[in-house]
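Throughout, a chain's letter reflects where its sequence line sits, starting with A, and its residues are numbered from 1.
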There are 2 protein chains.
Amino acid sequence: MTAEPPVPATSNTAGEPAQRRRRDAAETRQLLLDAARQRFARDGYAATTVRDIADDAGVNVALISRYFTSKEGLFEACLRAAGDELRRTTGQTPADRVPEAIARHIADLGAAGLSSQLSLLLRSSGDAGADEIRRGVLVRSSEQLAAARGWRPGEPGSEQLLLRAQMALAAGIGVAVLRSSIRLEPLSSATEQDLVGPLRDLVDALLPPR
Amino acid sequence: MTAEPPVPATSNTAGEPAQRRRRDAAETRQLLLDAARQRFARDGYAATTVRDIADDAGVNVALISRYFTSKEGLFEACLRAAGDELRRTTGQTPADRVPEAIARHIADLGAAGLSSQLSLLLRSSGDAGADEIRRGVLVRSSEQLAAARGWRPGEPGSEQLLLRAQMALAAGIGVAVLRSSIRLEPLSSATEQDLVGPLRDLVDALLPPR
DNA sequence: ACTAGATGTAAACGTTTGCTGACTTAGCCA
DNA sequence: TGGCTAAGTCAGCAAACGTTTACATCTAGT
């Protein structure tokens, strides 16, 4: 679980460390982020304890407070990371490739956990600050999604387009949760190839290509 | 666990009580169910305390243990109620009216809380029993949804249809949560009329009418 | 009217939670 | 090599949690 073989101190100047340094604040931070994202996405905020996260990361509990101030702070950091990831997808993807990109996100159940980053956006912490971050992430992503199909801010009559983009986003997130958290079969065992077809139909129906 | 809830023992012949009887086990049970459903759907299982629920219902905390054995038992009861409601929709609705039915569920943010019953299906309690109930509800509902478009159990090649039905269900639940729990605008303020069009496009794209 | 049992109340129990402060250890440079 | 600081450890606190226990009060049947 945790026992890492002792590693001699390396005077690594530039190269990425092949082995983990025994004390490395940046890496510890990242370990906590990864563990927290998975736990929060799968079990929700309130059901996850800081001791769970610390154990998963193989790190002492007190370091959560040190690096992220509080459990809330850790959650917000996870949310920001998921937001960056999602915005990268909805922003940098050509309009006709969006279904494939969403399918790739949803399908990735692995340790990288793109799917869990999606599920995270559905989890609430009860904290106003975190809720605002999540809402911002979702608004920006849906706006980027809508913009690819012709939506422009304030333009009359294009409000419908934003609404439809948010529904597409909701659909993607719903599928991700039912897959990775609820583990509904056969949805849970479906491969990326199984998902991309229906997702294309779904996205094209909600946001018709111009 | 053996404790069965005490029988209501109301000798009410026919007429519904115009005013609440000062002591009425059946009504107290229902008050707890309603309050719990809303709380669980909006805040999740772990974030909801039994004291919250009891206060919302205007009832003493200890009565949760009396009528539902435990917090878990109350959650399972909520899930069963939501399952009955959902099965009624997916089962009794003509195939071409499914989008309207889903839209009606999602749109209903009121006290009746059809929307919260949908959101509830996305919430996990961490308990194996509750998870099994929820999975059963979702499986049966998606099977009914798929059957309306030609799916038959075990029929080769129709597995795709079940997968698509589950994705449609996931989409509906995702929209419900983003609306009622996350309160994402403009999705949250959209009316039933705003929702039914996109939902029809979505359902028809995933499950083409035969 | 009386009583037994159903219904509701109040207070506390033991556990788990997030978080903190004092402490120890490792890494780095003079 | 010493020593200073960053990084990590440890034990424990106060609050909140679900649940239980002992008690009070209402209702229905006789």
Side-chain angles (χ1 to χ4, degrees), chain A residues 2-13 17 19-32 35-36 39-40 43-77 125-127 130, chain B residues 1-13 17 19-32 35-36 39-40 43-55 57-77 125-127 130:
Chain A
T2 58
E4 201 73 10
V7 174
T10 60
S11 60
N12 240 336
T13 53
Q19 290 184 302
R20 182 187 178 188
R21 286 230 327 276
R22 285 231 300 238
R23 292 192 169 193
D24 185 330
E27 182 173 6
T28 299
R29 235 188 92 101
Q30 191 60 47
L31 284 173
L32 281 172
R39 282 275 185 182
F40 284 148
D43 304 332
Y45 177 83
T48 300
T49 73
V50 290
R51 288 174 172 87
D52 287 339
I53 298 173
D55 287 352
D56 285 356
V59 147
N60 192 280
V61 206
L63 297 181
I64 290 179
S65 299
R66 183 194 289 281
Y67 290 126
F68 301 96
T69 309
S70 66
K71 185 189 179 187
E72 277 291 342
L74 177 52
F75 182 70
E76 293 187 6
S125 75
D127 173 73
Chain B
M1 293 299 137
T2 58
E4 201 66 16
V7 285
T10 61
S11 64
N12 237 334
T13 54
Q19 288 185 306
R20 183 186 178 189
R21 288 232 325 279
R22 296 248 299 270
R23 292 192 168 195
D24 185 330
E27 182 173 7
T28 299
R29 235 188 92 100
Q30 192 59 48
L31 285 172
L32 281 172
R39 282 275 184 181
F40 284 146
D43 304 332
Y45 177 82
T48 300
T49 73
V50 290
R51 288 174 172 86
D52 287 339
I53 298 172
D55 287 352
V59 148
N60 191 280
V61 207
L63 297 181
I64 290 179
S65 298
R66 183 193 290 279
Y67 290 126
F68 300 96
T69 309
S70 65
K71 184 189 181 187
E72 278 291 341
L74 177 53
F75 182 69
E76 294 188 5
S125 74
D127 173 72

Send over the distance from [X] [atom1] to [N] [atom2], rounded to a whole Å.
X	N	atom1	atom2	result
B:Leu63	D:dA22	CG	C1'	15 Å
B:Asp24	C:dT7	CG	P	8 Å
B:Phe75	D:dT19	CZ	P	14 Å
B:Leu74	D:dC17	CG	P	16 Å
A:Leu32	D:dT9	CG	P	11 Å
A:Tyr67	D:dT9	OH	C1'	12 Å
B:Arg29	C:dA6	CZ	C1'	15 Å

Below 3.5 Å, can you tabulate the donor-acceptor pairs from side chains in residues 57-70 of chain A to any protein atom, sequence neighbours excluded?
residue : atom : partner : partner atom : Å
A:Asn60 : OD1  : A:Ala62 : N            : 3.0
A:Ser70 : OG   : A:Glu72 : N            : 3.4
A:Ser70 : OG   : A:Gly73 : N            : 3.1

Base contacts versus sugar-phosphate-only contacts with protein, heavy atoms under 4.0 Å: please encode nucleotides 15-26 of chain C as B, S and - from 5' to 3'.
--BBBBB---BS
Name the nucleic acid region contacted by A:Phe68, choosing base, sugar-phosphate or nothing; use a 4.0 angstrom heavy-atom cut-off, strictly under.
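Nothing: the residue A:Phe68, judged by heavy atoms under 4.0 Å, touches no strand.
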Taking only the side-chain nitrogens and oxygens of B:Thr28, find out if one of them lies under 4.0 Å from OP1 or OP2 of C:dT7.
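Result: no.
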Which heavy atom in B:Arg39 sits nearest to a heavy atom in B:Thr48, and how many Å separate them?
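Smallest heavy-atom distance, with atoms named: O-OG1, 3.4 Å.
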What are the two closest heavy atoms between A:Ala46 and B:Ala47, and how far apart are they?
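Closest approach of A:Ala46 to B:Ala47: CB-N, 3.5 Å.
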What's the separation between atom CD in A:Glu76 and atom OG in A:Ser125, rounded to the nearest 0.5 Å?
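Between A:Glu76 CD and A:Ser125 OG, I get 7.0 Å after rounding to 0.5 Å.
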Nearest 0.5 Å, what's the CG-CD1 distance between B:Leu74 and B:Ile53?
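Going from the CG atom of B:Leu74 to the CD1 atom of B:Ile53 covers 5.0 Å.
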List in chain and number order the residues that pass side-chain hydrogen bond (donor to acceptor under 3.5 Å, both in side chains) with B:Asp55, two or more places apart in sequence or in another chain; answer none if no residue qualifies.
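B:Asp55: no side-chain hydrogen bond (donor to acceptor under 3.5 Å, both in side chains) contacts found.
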Terminal axis angle for the helix from C:dA1-D:dT30 to C:dA30-D:dT1, five pairs an end, nearest 10 degrees
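Its terminal axes enclose an angle near 10°.
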Which nucleotide, D:dT9, C:dT9, D:dA7, lies nearest any side-chain atom of A:Ala25?
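Taking heavy atoms from C-beta onward, the closest nucleotide is D:dA7.
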ring-ring contact (aromatic ring centres under 6.0 Å, His included) contacts in which one or both residues fall within residues 45-65 of chain A, not counting sequence neighbours
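For residues 45-65 of chain A: A:Phe40-A:Tyr45, A:Tyr45-A:Phe75.
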